[in-house]
Amino acid sequence: MARNASLSGFPEWLPQERLVEQHVVDTLRRIFELHGFGSVETRAVETVGQLLRKGEIDKEVYALSRLQDDDGNAAAAAGKEDPHQLALHFDLTVPFARYVVENAGYLAFPFRRYQIQKVWRGERPQEGRAREFTQADIDVVADGELPFRYDVELALVIAEALSALPIPAFKLRINNRKLAEGFYRGIGLSDTAGVLRSIDKLEKIGAAAVAQLLKSELGATDDQAAKALALASIRTEDTSFVAAVRALGVSDELMEEGLNELEQVIAAAVQRAPGSVVADLSIARGLDYYTGTVYETVLVGHESLGSICSGGRYDALASKGNRKFPGVGLSIGVTRLVSRILSQEFASASRSVPTAVLVTLADDDSWSAAQEVAAALRARGISTEVAAKAEKFGKQIKYADRRGIPYVWFTDADGAHQVKDIRSGEQVPADPAAWMPPAVDLKPAIIAGR
């Protein structure tokens with residue numbers, strides 16, 4: 001597991017753990033690019049006003065202040081010089097919305113982007129929750145109107161990406177806020193956002209407590225609370241949820257629109273990722289900017305970890321004058337996933353360093369010649385180190401073993417070369433211009449565990 005050092009919630013991976021994280025990031029990048037998503041990176045800071053304009057997350061935001069003002073006075077300058085105080089972004093969606101608005105004249109819409117970056121939240125650290133962590137987002141954003149088919153496509157891309165990672169089975173849980181809001185409206189609960197916030201607490205506090213919230217805070221009757229919970233209890237791995245919703249006897253135009261949209265997503269996802277997708281009508285998503293399809297993902301058997309991937313449709317997050325930029329996106333919690341991969345030994349690196357070969361020194365005068373050998377190996381993509389000093393060969397071999405370097409290179413006085421696999425002890429003649437290690441040894445592999 002990552003060592004938290006002296007600052008809780010700010011994980012730092014050891015080299016072999018970092019290799020696993022890099023494998024996860026590289027896999028996600030490869031899948032995203034195969035589907036035509038281009039990479040962007042936004043700045044780490046936004047104004048507090050920009051970050052807080054949607055959702056209630058002010059307690060989680062890290063605001064920035066300078067230690068000195070422009071005159072060199074030791075004082076917190078943020079808020080004093082500039083009313084638009086800066087803060088570290090707590091997710092990648094809000095900064096991306098700002099990025100789209102500012103660069104709309106340079107982007108081709110629909111704009112497909114992926115973004116893999118650090119984010120910061122000032123919440124209580126625990127397993128799966130850090131204060132500094134990496135997210136991997138994909139979004140499709142349009143100028144004016146975004147076809148619903150992208151809601152379906154993103155579910156398929158995420159299912160493919162997660163299936164390529166060294167993790168256990170997962171469940172991509174999908175709902176539609178139009179369905180939920182229309183249903184609540186149909187049973188006479190007008191504060192649909194309030195109902196969604198209460199339903200979003202279902203897994204944390206249980207059905208009885210949610211029912212009490214609906215009655216005490218939103219004025220729901222016993223029957224209304226029971227029907228809202230009945231809707232939230234529907235979970236199917238096919239499109240049979242449609243009949244289950246209609247059996248509740250509620251009629252509403254918005255509900256029907258959401259029901260139809262969710263049916264399309266589930267039908268396509270079940271065909272492409274059978275067993276990994278479920279229509280779960282308890283999914284609400286706490287942030288206010290979601291307007292249609294919403295997604296949450298859990299690892300089977302590790303539900304206590306929380307959602308490893310979530311997101312949804314947002315029709316009004318970004319706008320510029322009369323122009324609106326609707327979008328749909330999902331975010332994978334890379335650090336949360338990697339933390340569980342390491343703690344449960346789902347995967348590990350075959351060695352802790354990228355180095356495949358250590359070139360030894362027969363004497364101190366051979367260092368330049370050893371560098372020539374190393375250059376020839378590196379030219380063919382073989383990661384190579386040269387020993388720093390001409391110690392006894394036994395010590396140089398021990399150094400390679402301690403570092404996890406599988407091959408040691410020797411050059412005889414007559415210029416002949418040999419390479420030794422220190423794991424098996426096999427030593428063979430070798431030509432620096434032609435020798436290649438087996439593909440499995442060329443770089444550290446990620447080995448699936450249990």
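Atom set for the values below is all heavy atoms of this structure, side chains included, hydrogens, waters and symmetry mates excluded. Just so we're clear, the structure is a prediction, and the values are computed from it rather than from any experiment.
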Novice: Passes side-chain contact (heavy atoms from CB on, under 4.5 Å), T335 versus W13? Steps please.
Specialist: CA-CA 10 Å; T335 301; W13 307 121; 4.1 Å; yes
Novice: State the CZ-CG distance between R177 and L196, to the nearest 0.5 angstrom.
Specialist: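 If we round to the nearest 0.5 Å, R177:CZ and L196:CG are 5.0 Å apart.
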Novice: For the pair R380 (side chain) and A376 (backbone), establish whether a donor and an acceptor sit closer than 3.5 Å, ignoring hydrogens and angles.
Specialist: yes
Novice: Where do Y295 and D151 come nearest, in terms of heavy atoms and distance?
Specialist: OH-O, 2.7 Å
Novice: When the ring planes of F111 and F109 are compared, do they come out parallel, tilted or perpendicular, using 30° and 60° as the limits?
Specialist: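 Plane angle over 60°, so perpendicular.
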Novice: Looking only at the side chains, is there a donor atom on one of H35 and E153 sitting less than 3.5 Å from an acceptor on the other?
Specialist: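 H35 vs E153: no donor-acceptor pair found between side chains.
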Novice: Report yes or no: is the cationic atom of R423 (NZ for Lys, CZ for Arg) under 6.0 Å from the centre of the six-membered ring of Y407, at an angle within 45° of the ring normal?
Specialist: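 Output yes; distance and angle both within limits.
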Novice: Taking I158 as the fixed residue, which of V277, I332, L28 is the one that meets the side chain to side chain contact (heavy atoms under 4.5 Å, CB included) rule?
Specialist: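 Considering V277, I332, L28, a side chain to side chain contact (heavy atoms under 4.5 Å, CB included) with I158 is found only for I332.
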Novice: Can you see which heavy atom on L305 is nearest to which on I308, and at what distance?
Specialist: CD2-CG2, 4.0 Å
Novice: Using a 4.5 Å cut-off on heavy atoms from C-beta on, say whether the side chain of V334 contacts that of F133.
Specialist: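 A side-chain contact under 4.5 Å is absent here.
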Novice: Please tell me whether E261 and T293 have a donor and an acceptor in their side chains that are separated by less than 3.5 angstrom.
Specialist: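 No donor-acceptor contact under 3.5 Å links the two side chains.
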Novice: Under 3.5 Å, is there a donor-acceptor pair between the side chain of R121 and the main chain of F90?
Specialist: yes
Novice: Starting from the C-alpha separation in whole Å, work towards a yes-or-no answer on side-chain contact (heavy atoms from CB on, under 4.5 Å) for V100 and D139.
Specialist: CA-CA 11 Å; V100 169; D139 288 79; over 6 Å; no
Novice: Between the main-chain N or O of K118 and the side-chain N or O of H89, is there a donor-acceptor pair closer than 3.5 Å?
Specialist: yes
Novice: Do you know which two heavy atoms are closest between A220 and A225, and how far apart they sit?
Specialist: CB-N, 4.3 Å
Novice: To the nearest 0.5 Å, how far apart are CD1 in I382 and CG in L377?
Specialist: 5.0 Å
Novice: Counting N and O atoms only, with roles assigned by atom type, does the side chain of S339 sit under 3.5 Å from a partner on the main chain of R336, one being a donor and the other an acceptor?
Specialist: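 Answer holds: no.
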Novice: Distance check, rounded to the nearest 0.5 Å: I187 atom CD1 versus L231 atom CG?
Specialist: 8.0 Å
Novice: Report, as yes or no, whether the 6.0 Å neighbourhood of atom CZ on R149 holds more than 12 heavy atoms from other residues, nucleotides or ligands.
Specialist: no
Novice: Taking all non-hydrogen atoms of both residues, which atom of V338 and which atom of E21 are closest, and how far apart?
Specialist: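 Looks like CG2-CA, 3.9 Å.
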Novice: How far apart are the C-alpha atoms of F183 and D252, what are their side-chain angles, what is the distance that settles it, and do they pass the side-chain contact (heavy atoms from CB on, under 4.5 Å) test?
Specialist: CA-CA 7 Å; F183 182 90; D252 181 88; over 6 Å; no
Novice: Do Q117 side-chain atoms and T42 backbone N/O form a donor-acceptor pair below 3.5 Å?
Specialist: yes
Novice: Of the non-hydrogen atoms in V210 and L229, which two are nearest, and what is the gap between them?
Specialist: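 Heavy-atom minimum between the residues: CG1-CD2, 4.0 Å.
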Novice: As a quick check of understanding, evaluate side-chain contact (heavy atoms from CB on, under 4.5 Å) for T355 and L358, giving each step before the final call.
Specialist: CA-CA 8 Å; T355 314; L358 173 71; 5.7 Å; no
Novice: Checking Y290 against N175: is there a side-chain donor and acceptor pair closer than 3.5 Å?
Specialist: no
Novice: Could you state the interatomic distance from CG (D238) to CD1 (I266), rounded to the nearest 0.5 Å?
Specialist: 9.0 Å
Novice: Which atoms form the tightest heavy-atom contact between A347 and L342, and what is the distance?
Specialist: O-CD2, 4.5 Å
Novice: Are I167 and I341 close enough that some pair of their side-chain heavy atoms sits under 4.5 Å apart?
Specialist: yes
Novice: Using a 3.5 Å distance criterion without hydrogens, assess whether the side chain of T297 forms a donor-acceptor pair with backbone atoms of C309.
Specialist: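 A pair under 3.5 Å: yes.
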Novice: Does R272 CZ have over 12 foreign heavy atoms under 6.0 Å away?
Specialist: no
Novice: Regarding T221 and D223, is there a side-chain donor-to-acceptor distance under 3.5 Å anywhere?
Specialist: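 No pair is found: no donor N or O on one side chain lies under 3.5 Å from an acceptor on the other.
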Novice: Does the plane of the ring in Y114 sit parallel, tilted or perpendicular to the ring in F32? Use 30° and 60° as the thresholds.
Specialist: tilted
Novice: Give a yes-or-no answer on whether the side chains of R29 and S39 include a donor-acceptor pair shorter than 3.5 Å.
Specialist: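 No, no side-chain donor-acceptor pair sits under 3.5 Å.
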Novice: Do N260 and E256 have a side chain donor and acceptor closer than 3.5 Å?
Specialist: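 No, no side-chain donor-acceptor contact under 3.5 Å.
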Novice: Only counting residues at least two apart or in another chain, list the ones meeting side-chain hydrogen bond (donor to acceptor under 3.5 Å, both in side chains) with R30.
Specialist: none
Novice: I'd like to know if the side chain of R351 reaches the main chain of R403, judged simply by a donor and an acceptor atom lying under 3.5 Å from each other, with no hydrogens or angles considered.
Specialist: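 Judged by distance alone, no pair lies under 3.5 Å.
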Novice: Would you say that more than 12 heavy atoms from the other residues, nucleotides or ligands in this model lie under 6.0 Å from the CD of E253, or not?
Specialist: no
Novice: Name all residues meeting the side-chain hydrogen bond (donor to acceptor under 3.5 Å, both in side chains) criterion together with E217; count only those two or more places apart in sequence or in a different chain, and write none if there are none.
Specialist: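 Once residues adjacent in sequence are excluded, E217 has no partner under the side-chain hydrogen bond (donor to acceptor under 3.5 Å, both in side chains) criterion.
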Novice: Between R378 and T384 (side chain of the first, backbone of the second, donor and acceptor by atom type, cut-off under 3.5 Å), is there such a pair?
Specialist: yes
Novice: With a 4.5 Å limit on heavy-atom distance, are the side chains of V250 and M255 in contact?
Specialist: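 Side chain of V250 against side chain of M255, heavy atoms only: contact under 4.5 Å found.
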Novice: Is the number of heavy atoms from other residues, nucleotides or ligands under 6.0 Å of Q271 CD greater than 12?
Specialist: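 Atom CD in Q271 is not packed in, count stays at 12 or less.
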Novice: Salt bridge or not for K171 and E303, using N-O below 4.0 Å?
Specialist: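 Salt bridge between K171 and E303, a charged N being under 4.0 Å from a carboxylate O: no.
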Novice: Any luck finding a side-chain donor-acceptor pair between Q115 and Y99 under 3.5 Å?
Specialist: no
Novice: Determine whether L88 and V61 make a side-chain contact, defined as any pair of heavy atoms from C-beta on separated by less than 4.5 Å.
Specialist: no
Novice: Test side-chain hydrogen bond (donor to acceptor under 3.5 Å, both in side chains) on R235 and S282; report intermediate values, then the result.
Specialist: CA-CA 8 Å; R235 292 175 182 80; S282 70; 3.2 Å; yes
Novice: Once you round to the nearest 0.5 Å, how far does CZ of F96 lie from CG of D137?
Specialist: 9.0 Å
Novice: Can you tell me how far the NZ atom of K324 sits from the CG atom of D143, to the nearest 0.5 Å?
Specialist: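 Between K324 NZ and D143 CG, I get 12.5 Å after rounding to 0.5 Å.
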